[in-house]
Amino acid sequence: PHLAPESLQAFLIIGSDYRPQLGTASRADVIVLVLLPADGSDPVMVSIPRDLYLPNPCTGGYTRINATLNGCGEAASGPELLSLAVEDFTGVVIDHFVVFDFEGFKQIIDRVGGVDICVDYEVRDSHTIPELSLPAGCTRADGAMTLSWVRSRHTQELANGVWRTMDGVNDLTRNQRQQQLLLEALSRLKAFRSVTELSALVEDLSDAFSIDEGLTLGNAIGLAWDMRGIEIASIQRPTIPVTNYITELGAYVLLPQASFAEVLESAYPGAASLVEDG
């Protein structure tokens, strides 16, 4: 079902795994959809699992949604094609998107003085670059370590002198960590004393991210400033139920187990009223 465009504003946050040393191909490592209902209802934040197996608007076949960030030749850029894939799945028209790659992510985190990561036990992951290593308790992590934390898929913790894999660590765990980081960024907006102070920071970091052509940097700053009033606790964070699936070619992917309208309804009762007639 398609939702009436005027019923909400939709923003897509995209983290790209593009690294020049690995060639020109890229995948979406982070896909987060943020919805601001026009009637003032609670905001909604939903992670789109990167391995979700969905129709590709470019090829007409099925691919992991993260692969759409490679675009469709001259017909659509990567962020445009990814936005179309998200629109097809969710029924939500994407108003604006922002894209950052690994280096941009680290630059942003370092520029704001790092972020706090709190864990019950010492944790590690030798599969990340740099290797994830955090002591028990809370650590003010720099950009590189924060990136390793949000990307870790093999997180281990030291409990009673024995290293063990953290319960439930998978791509969905990564989604939770990514959301927590976005919520911390949102909470930090409240610390800015003026929009001028915020503008100075954003303009200083303008090479660390890109936005769609329909959104100027000034408008983006204005939107961020307006979001200062959002209460973090009020943000609804439903999850898309998925199941594991192996394709005919042997690829391990995820299949959605509910429509997005059902997911949205779980966080936003009355969402069915937003569906366009016909």
Side-chain angles (χ1 to χ4, degrees), residues 1-15 28-58 60-69 79-97 167-183 186 227 230-247 251-278:
H2 284 267
L3 304 186
E6 67 275 7
S7 64
L8 49 78
Q9 280 189 297
F11 303 90
L12 195 61
I13 301 171
I14 305 167
D29 205 57
V30 177
I31 311 170
V32 179
L33 180 62
V34 178
L35 307 177
L36 302 180
D39 64 3
S41 298
D42 292 341
V44 178
M45 177 184 292
V46 185
S47 291
I48 311 293
R50 65 177 190 170
D51 289 337
L52 208 59
Y53 198 53
L54 297 173
N56 186 317
C58 179
Y62 277 72
T63 60
R64 293 186 180 95
I65 192 169
N66 68 345
T68 59
L69 194 59
E80 289 171 336
L81 187 64
L82 176 55
S83 295
L84 288 173
V86 171
E87 287 185 1
D88 287 347
F89 170 61
T90 64
V92 175
V93 175
I94 304 302
D95 294 296
H96 300 292
F97 61 74
D167 289 339
V169 174
N170 52 30
D171 266 0
L172 304 184
T173 305
R174 287 157 39 98
N175 291 344
Q176 295 171 0
R177 294 175 184 175
Q178 293 160 5
Q179 287 191 13
Q180 284 298 131
L181 189 64
L182 291 174
L183 292 176
L186 186 58
M227 289 182 180
I230 294 177
E231 290 296 330
I232 303 300
S234 73
I235 299 176
Q236 302 299 308
R237 300 166 62 189
T239 58
I240 299 170
V242 296
T243 189
N244 294 317
Y245 179 73
I246 303 176
T247 70
Y252 288 79
V253 298
L254 298 175
L255 296 182
Q257 296 299 289
S259 71
F260 188 76
E262 293 172 313
V263 173
L264 188 57
E265 181 75 23
S266 69
Y268 185 19
S273 65
L274 304 179
V275 176
E276 291 184 309
D277 293 335

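The first residue in the sequence is number 1, and the count goes up from there. Note that the coordinates shown come from a computational prediction; the quantities given were computed from them, not determined experimentally.
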Look up atom [atom1] in [X] and atom [atom2] in [Y], then write down how far apart they are to the nearest 0.5 Å.
X    : Y    : atom1 : atom2 : answer
I240 : L264 : CD1   : CG    : 10.5 Å
E87  : L12  : CD    : CG    : 9.0 Å
I31  : L69  : CD1   : CG    : 8.0 Å
L36  : I235 : CG    : CD1   : 9.0 Å
L255 : L52  : CG    : CG    : 7.5 Å
I230 : M45  : CD1   : CE    : 8.5 Å

So do [Y] and [X] actually touch side chain to side chain, heavy atoms under 4.5 Å?
X    : Y    : value
I65  : P49  : no
L81  : N56  : yes
Q176 : T239 : no
D88  : P57  : yes

Keeping R64 on the side-chain end and L254 on the backbone end, is there a donor-acceptor pair under 3.5 Å?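 No.
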Could you tell me whether the side chain of D95 and the main chain of F11 form a donor-acceptor pair under 3.5 Å? no
Can you give me the closest heavy-atom contact between [X] and [Y], atom names plus distance?
X    : Y    : value
V46  : Q179 : C-NE2, 4.0 Å
Q236 : D42  : NE2-OD2, 3.3 Å
L82  : A28  : CD2-CB, 3.9 Å
S83  : I94  : O-CG1, 3.8 Å
P43  : S234 : CD-OG, 3.9 Å
L183 : R237 : CD1-NH1, 3.4 Å

Trace of the side chain to side chain contact (heavy atoms under 4.5 Å, CB included) decision for V92 with V86: CA-CA 8 Å; V92 175; V86 171; over 6 Å; no
If the test is side-chain contact (heavy atoms from CB on, under 4.5 Å), which one of T247, V242, L54 qualifies with V253? T247
Let's go through L33 and F260 carefully: what are the C-alpha distance in whole Å and the side-chain angles of both, what is the deciding distance for side chain to side chain contact (heavy atoms under 4.5 Å, CB included) to 0.1 Å, and is it a yes or a no? CA-CA 12 Å; L33 180 62; F260 188 76; 3.9 Å; yes
